[in-house]
Each structure stands twice: as C-alpha cells, then as structure tokens.
There are 2 protein chains.
Amino acid sequence: MLKKDEELLVALRKIIRAIGMRSRQLSKEVGLTGPQLMILQKVGKQAGVMVREIAEDINLSSATVTNILDRMEARNLVERIRSTEDKRKVGVFLTKDGEQSLSTAPLPLQEHFTNRFKAMEEWEQSQMVATLQRIALMMDAQHVDASPILEVGNIIEK
Amino acid sequence: MLKKDEELLVALRKIIRAIGMRSRQLSKEVGLTGPQLMILQKVGKQAGVMVREIAEDINLSSATVTNILDRMEARNLVERIRSTEDKRKVGVFLTKDGEQSLSTAPLPLQEHFTNRFKAMEEWEQSQMVATLQRIALMMDAQHVDASPILEVGNIIEK
DNA sequence: TCCTAATATTTAGTATACTAATTATTATAT
DNA sequence: ATATAATAATTAGTATACTAAATATTAGGA
C-alpha cells in the first residue's frame, strides 16, 4: 500500500506523461508540439513579445524558449527581430505561415479533457484550479512560508 | 484575464517545473536525479525487478528506463542480469554503492513540500490526491468515458 | 569618463522522455 | 514442426528543459 504522498507523486507523473503524449500527438497531427503551440499563441496575442516575456508567461527558462524558437524559426513559423532601441532585446513575430498554423491549431490540452473540464460546475472548476495552484505554491522554493531569509540564488532566479 | 482551463495549464506547468528543479537540486546534492532516485527505490524494494515493471510502476516508457539505467549502471549503482529461464527478461539489482546511496538519499519531492503535505489534515490530503487522480483520469486517453470503441494502438500501448 | 552591475539572449553540455524500429526470445496455432 | 504472433529490452532519432557560462548591450555610480 502506497502512502498518500507517494500516491500524489504517482498521480502527478501520470498527468505529466499525459501532457507529454498530447504534445507528441499534436506534433504528428498539426506539426506543432505543446510548448511550440503555447509560444505561437503568446506571439499571436502579443506581436513582438520578448523572449523573456514568453518564458515567464508559460513558465520556461529563456534558454528553453530560445531552443524552441530556433526550431520554429527554421520552419518559418516565427521570425526574430532584434530591437534597434535596445539591442539586447529580441522581438518575436508570426510569419504568414505562423498565422496560418495558429488559426487552425487545436488546444494544447486534449479536447476531451477540456470538454469534460468545461462541463463541470463552475465551483468544481475553481476548486480544481485552486488545488493545483496550492500544490504549485507548496512546491515553490521561493515561497517557503515563515522563512524571511531567502538565498541570493532564489532572488536572482525568479 | 485567463480562462479557467488556461489557469489550470499554467498551474500544471509550475508544478512540472518545480519537480524538474527538485530533480536537478538532488543531482547536485546527492548525485541522483528524481527519476534515478525513484528507480533506485523501486529496485531496493524489489531486487531483480524487470525493466518493464519499473516502467509501469513509475509511469515511464521502457526506453526511458533503459536510458536511465545505462547511466546508473555506468556509475555502478545498479547491475543488470539477464534471466536464464527467460532470456528476454533483464533483472535489475542494487550494487553495494547503490545500497549505500539509497540508504542516505532524501525524498524525491522537496522536503518542505512533503512536510507541509503531511502537516495537512487527513481529509485534506485525501482531497488533494483525489483531485489529482481525477485530472489524471480525465487526461487518460485510454479511459474516455462513454466510449466503448478503443483504437488498437491504445490497447497495445498500455 | 570609466568601471561595474544589471539585463537579454544565446551556446554548451547534460538528463529526461517519447515513438518507431530492431533484435532476441518465447508462446501459439495450424 | 514451423511459421506467426507476442513479449522484452535496446537503439536511433527527436524534442523538451534545465544550469552555467559566454556574449553583447545598457544603466548607474564614483
């Protein structure tokens, strides 16, 4: 018999795996993985968005976003234009192909999950989201409660 | 303002990221990543366990387990011995070093998370686990309810 | 001015993690 | 008995995803 915290870990692993599988399914069906689609959506909503902004928005490191953008740029879905006023910054824009892909792309999470989620009562949805947010907060090393002392690394990182 | 299903995805991403960061922290501190530690624990509990059994237990593909075992074997934490009665099967065993590592290893999830989780009321823990299990089930393509027709790929896969 | 710190992105290197295909073995059915 | 199917593990190839270090630029202070 597993302990509760072990059951929790197992459930999380299943969720993580399901998200990964959805990503590969997307890749086969529309040629975009989950993270690529999320980046495409972000750029679609905010043309010229910075790499760092994308990274913060979807909770990835800048290095990862750079990596994914490399692939997307090679496939002509987005283009990077370095800012002229602050040459450190790089703006990301959709190409025609990118706009086309975005307009026909499905949701990052499986449709059947999203449908079921939307079919739930409002309070139930809220409760589910709240539980996940609570877990995320409990796991967040930056917000260990009753701990006024933060390491330098923590402050820099986030 | 984000929609509820988008909030849910963001929260999941944060959790996934926190688990990954814990894994890298473990790697620096004790030289074992999260998945490596989980495999070590499984082998510790069940000497000679098959690769497939490990994969099913912690929700990974066999290929991934093989990959991780390669690294662990190279570092002399485990050894693989092919079964003599069924030569397709490979049993995994702890080495002395592996036993040593396991005996001093910390938990796969951050201690401060586990502590906080254990400090919660019993019913609250159960509710949290149940919510995660429900999400996992909702995401599981194998268990789309009201759908008696399963694709061949699904049956074979799991 | 000029040095240092901060910011933004990229590169290098490593570890997951998957699917599809391959190899080897064992089980089954004709 | 032998061809076929199923099972087990591995290999090949690709995509995340991270940290640390490198590069370039901008901002601030002495």
Side-chain angles (χ1 to χ4, degrees), chain A residues 13-14 16-29 31-39 49-56 58-75 80-92 108 152-153 155-157, chain B residues 13-14 16-29 31-39 49-56 58-75 80-92 108 152-153 155-157:
Chain A
R13 287 217 49 80
K14 282 184 185 164
I16 291 171
R17 198 177 188 196
I19 290 174
M21 284 176 169
R22 167 61 173 165
S23 177
R24 278 175 287 278
Q25 183 195 18
L26 281 174
S27 177
K28 270 210 298 198
E29 288 177 8
L32 284 171
T33 63
Q36 286 173 7
L37 177 52
M38 289 174 82
I39 289 176
V49 63
M50 283 170 61
V51 174
R52 183 185 53 71
E53 287 177 308
I54 297 173
E56 277 173 10
I58 62 183
N59 253 275
L60 293 170
S61 75
S62 289
T64 301
V65 174
T66 289
N67 189 357
I68 297 172
L69 283 177
D70 286 345
R71 236 169 261 117
M72 293 174 76
E73 199 172 26
R75 289 181 40 216
R80 284 186 268 206
I81 299 174
R82 194 167 284 272
S83 164
T84 47
E85 52 180 62
D86 184 341
K87 283 183 268 187
R88 292 170 303 182
K89 297 181 183 177
V90 169
V92 184
V152 175
I155 295 168
I156 290 171
E157 235 296 88
Chain B
R13 288 217 47 79
K14 283 185 186 164
I16 290 171
R17 199 177 186 196
I19 291 174
M21 283 176 170
R22 168 59 172 166
S23 177
R24 278 174 287 279
Q25 182 195 18
L26 279 174
S27 178
K28 270 211 297 197
E29 286 177 7
L32 284 170
T33 63
Q36 286 173 6
L37 177 53
M38 289 174 83
I39 289 176
V49 63
M50 284 170 62
V51 174
R52 184 185 52 72
E53 288 177 307
I54 297 172
E56 277 173 11
I58 61 182
N59 254 273
L60 292 171
S61 75
S62 289
T64 301
V65 174
T66 290
N67 189 356
I68 297 172
L69 283 176
D70 285 344
R71 235 169 265 118
M72 292 174 78
E73 198 171 27
R75 291 183 35 218
R80 283 186 269 206
I81 299 173
R82 195 167 282 271
S83 163
T84 48
E85 54 180 59
D86 184 341
K87 283 182 272 186
R88 292 170 301 183
K89 297 181 182 177
V90 168
V92 185
V152 176
I155 295 166
I156 289 171
E157 233 298 89

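For clarity, every value in this text was computed on a predicted model and none was experimentally measured. Quick note: numbers below take in every heavy atom, side chains included, and nothing from hydrogens, waters or symmetry partners. So that the names make sense, note that chain A is the first sequence line, chain B the second, and so on, each numbered from 1.
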Self-check item: Whichever of A:Pro35 and A:Ser83 has its nearest DNA chain D nucleotide further upstream toward 5'
Solution: A:Pro35
Quiz prompt | Any B:Arg88 side-chain nitrogen or oxygen under 4.0 Å from OP1 or OP2 of C:dA24 | solution = no
Exercise. Before accepting this row, confirm whether a basic side-chain N of the pair B:Asp70/B:Arg80 lies closer than 4.0 Å to the acidic partner's carboxylate O.
Key: yes
Quiz item: Does A:Arg17 make a side-chain N or O approach to OP1 or OP2 of C:dC18 shorter than 4.0 Å?
Solution: yes
Quiz item: Does some side-chain heavy atom of A:Lys89 sit less than 4.5 Å from a side-chain heavy atom of A:Asp86?
Solution: yes
Quiz item: Checking side chain to side chain contact (heavy atoms under 4.5 Å, CB included) for the pair B:Met38/A:Arg13: CA distance, chi angles, key distance, verdict?
Solution: CA-CA 11 Å; B:Met38 289 174 83; A:Arg13 287 217 49 80; 3.5 Å; yes
Practice problem: Figure out the NZ/P separation between A:Lys89 and D:dA27, and round it to whole Å. | Solution: 9 Å
Quiz prompt | Test log, rule side chain to side chain contact (heavy atoms under 4.5 Å, CB included), inputs B:Ile16 and A:Ile19 | solution = CA-CA 10 Å; B:Ile16 290 171; A:Ile19 290 174; 4.0 Å; yes
Self-check item: C:dT10 phosphate, OP1 or OP2, under 4.0 Å from A:Arg80 side-chain N/O
Solution: yes
Quiz item: With respect to the phosphate group of C:dA15, does any side-chain polar atom (N or O) of B:Thr33 fall under 4.0 Å of OP1 or OP2?
Solution: no
Exercise. Provide, to the nearest angstrom, the distance between the CD1 atom belonging to B:Ile54 and the P atom belonging to C:dT16.
Key: 14 Å
Practice problem: Quickly work out the A:Met50 CE to D:dT25 P distance and round it to whole Å. | Solution: 15 Å
Quiz item: Under 4.0 Å between a side-chain N/O of B:Thr64 and OP1 or OP2 of C:dT16, yes or no?
Solution: no
Quiz item: Between D:dT16 atom P and A:Leu60 atom CG, what is the distance in whole Å?
Solution: 10 Å
Self-check item: Given C:dT10, D:dC18, D:dT11, the nucleotide with the shortest approach to the side chain of B:Ala63
Solution: D:dT11
Quiz item: So, is A:Arg13 near the phosphate of C:dA17, with a side-chain N or O under 4.0 Å from OP1 or OP2?
Solution: yes
Exercise. Check every atom of D:dT10, C:dT16, C:dC18 against the side chain of B:Ser62 and return the nucleotide holding the closest atom.
Key: D:dT10
Exercise. Look at A:Lys28 and C:dA20 and indicate whether a side-chain polar atom (N or O) is within less than 4.0 Å of OP1 or OP2.
Key: yes
Practice problem: Return the nearest nucleotide to the side chain of A:Asp70; candidates are D:dA9, C:dT11, D:dA17. | Solution: C:dT11
Quiz item: Given that B:Arg82 and A:Gly34 both sit by DNA chain D, which one's nearest nucleotide is further toward the 5' end?
Solution: B:Arg82
Practice problem: Would you mind reading off the distance between A:Met21 atom CE and C:dT16 atom C1', rounded to a whole angstrom? | Solution: 14 Å
Exercise. Take A:Glu56 and A:Met50 through the test side chain to side chain contact (heavy atoms under 4.5 Å, CB included) and record every step on the way to the result.
Key: CA-CA 10 Å; A:Glu56 277 173 10; A:Met50 283 170 61; over 6 Å; no
Quiz item: Counting only side-chain N and O atoms of B:Ser61, is one of them less than 4.0 Å from OP1 or OP2 of C:dC18?
Solution: yes
Quiz item: Between B:Asn67 and B:Glu85, which has a closest nucleotide on DNA chain C that is more 5'?
Solution: B:Asn67
Quiz item: Would one find a side-chain N or O of A:Arg71 under 4.0 angstrom from OP1 or OP2 of D:dT16?
Solution: yes
Quiz item: For the helix from C:dT1-D:dA30 to C:dT30-D:dA1, what angle lies between the axis at the first five pairs and the axis at the last five pairs, to 10 degrees?
Solution: 0°
Exercise. Taking the side chain as every heavy atom from C-beta outward, state whether A:Ile39 and A:Gln36 have any atom pair closer than 4.5 Å.
Key: no
Exercise. Show the numbers, then the answer: is there a side chain to side chain contact (heavy atoms under 4.5 Å, CB included) between B:Leu32 and B:Leu26?
Key: CA-CA 6 Å; B:Leu32 284 170; B:Leu26 279 174; 5.6 Å; no
Quiz item: Looking only at heavy atoms, what is the nearest atom pair of A:Arg17 and B:Asn59, with distance?
Solution: CD-O, 3.5 Å
Exercise. Calculate the interatomic distance between A:Asn59 atom CG and D:dT16 atom C1'; express it in whole Å.
Key: 15 Å
Quiz item: Within a strict 4.5 Å, meaning less than it, do heavy atoms of the B:Thr33 and B:Ile68 side chains meet?
Solution: no
Quiz item: Rounded to the nearest Å, what distance is computed from the CD atom of residue B:Glu56 to the C1' atom of nucleotide D:dT7?
Solution: 12 Å
Quiz prompt | Below 4.0 Å: OP1/OP2 of D:dT10 and any side-chain N or O of B:Thr66 | solution = yes
Quiz item: In terms of the nearest nucleotide of DNA chain C, which residue is placed more toward the 5' end: A:Ile16 or A:Val65?
Solution: A:Val65
Quiz item: Nearest to the side chain of B:Arg24, which nucleotide is it out of D:dT19, C:dC18, C:dT9?
Solution: D:dT19
Quiz item: Taking atom C1' of D:dA15 as reference, at what distance in whole Å does atom CZ of A:Arg75 sit?
Solution: 11 Å
Quiz item: Is B:Gln25 near enough to D:dT19 that one of its side-chain N or O atoms lies under 4.0 angstrom from OP1 or OP2?
Solution: no
